[in-house]
Amino acid sequence: MIWAPLPPMSSGQLVLISILAFLPIVLNLWAIWHSFTREFPTPAEKMAWFGAAVFIPVLGGLAYLLFGRKRGKKPL
């Protein structure tokens, strides 16, 4: 058998696994939304951050959170 059945888990373990599984997805969706709604010094930089979050999901979102978030300004 290729796939072994999962061992029985408590509800607390299932909640923890669910949070850990959805955290990268939420981080990436937030990076896409945030980069799309902010103004950057150049349109190319904006598209670079947006593209990184879309095409390199977990690493792009994390890089935006660490380096790109403060470069974007709120539109007036």
Quick one: which residue pairs count as a side-chain hydrogen bond (donor to acceptor under 3.5 Å, both in side chains) with a foot in residues 15-29, not counting sequence neighbours?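 For residues 15-29, and leaving out neighbouring residues, there are no side-chain hydrogen bond (donor to acceptor under 3.5 Å, both in side chains) pairs at all.
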Which pairs with one or both residues in residues 60-69 pass side-chain hydrogen bond (donor to acceptor under 3.5 Å, both in side chains), sequence neighbours excluded?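 The answer is His34-Tyr64.
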Among the clusters formed by ILVMFWY side chains lying less than 4.5 Å apart, do Trp30 and Leu62 turn up in the same one?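 They do share one cluster, since a chain of ILVMFWY contacts under 4.5 Å joins Trp30 to Leu62.
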Grouping I, L, V, M, F, W and Y whenever their side-chain heavy atoms are under 4.5 Å apart, do Ile32 and Leu65 come out in a common cluster?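 Result: no, two separate clusters.
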Return the set of residues passing ring-ring contact (aromatic ring centres under 6.0 Å, His included) with Phe36 (not counting sequence neighbours), or none when no residue passes.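 ring-ring contact (aromatic ring centres under 6.0 Å, His included) check on Phe36 returns Phe50.
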Through direct or indirect side-chain contacts below 4.5 angstrom among Ile, Leu, Val, Met, Phe, Trp and Tyr, which residues connect to [X]?
X: Leu29; answer: Phe22, Ile25
X: Leu16; answer: Leu20
X: Val26; answer: none

So which atom in Pro24 and which in Ala21 form the shortest heavy-atom distance, rounded to 0.1 Å?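 Heavy atoms only, the tightest pair is CD-O, 3.5 Å.
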Minimum heavy-atom distance between Ala31 and Ala53, given as atom pair plus value: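 Minimum heavy-atom separation between Ala31 and Ala53: CB-CB, 4.1 Å.
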Pairs flagged by salt bridge (Lys or Arg N to Asp or Glu O under 4.0 Å) wherever residues 16-44 is involved - sequence neighbours left out: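 Listed once each, the pairs would be none.
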Determine which pairs satisfy salt bridge (Lys or Arg N to Asp or Glu O under 4.0 Å) with at least one residue from residues 42-58, sequence neighbours left out, and list them in order.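 Residue pairs with at least one partner in residues 42-58: Glu45-Arg71.
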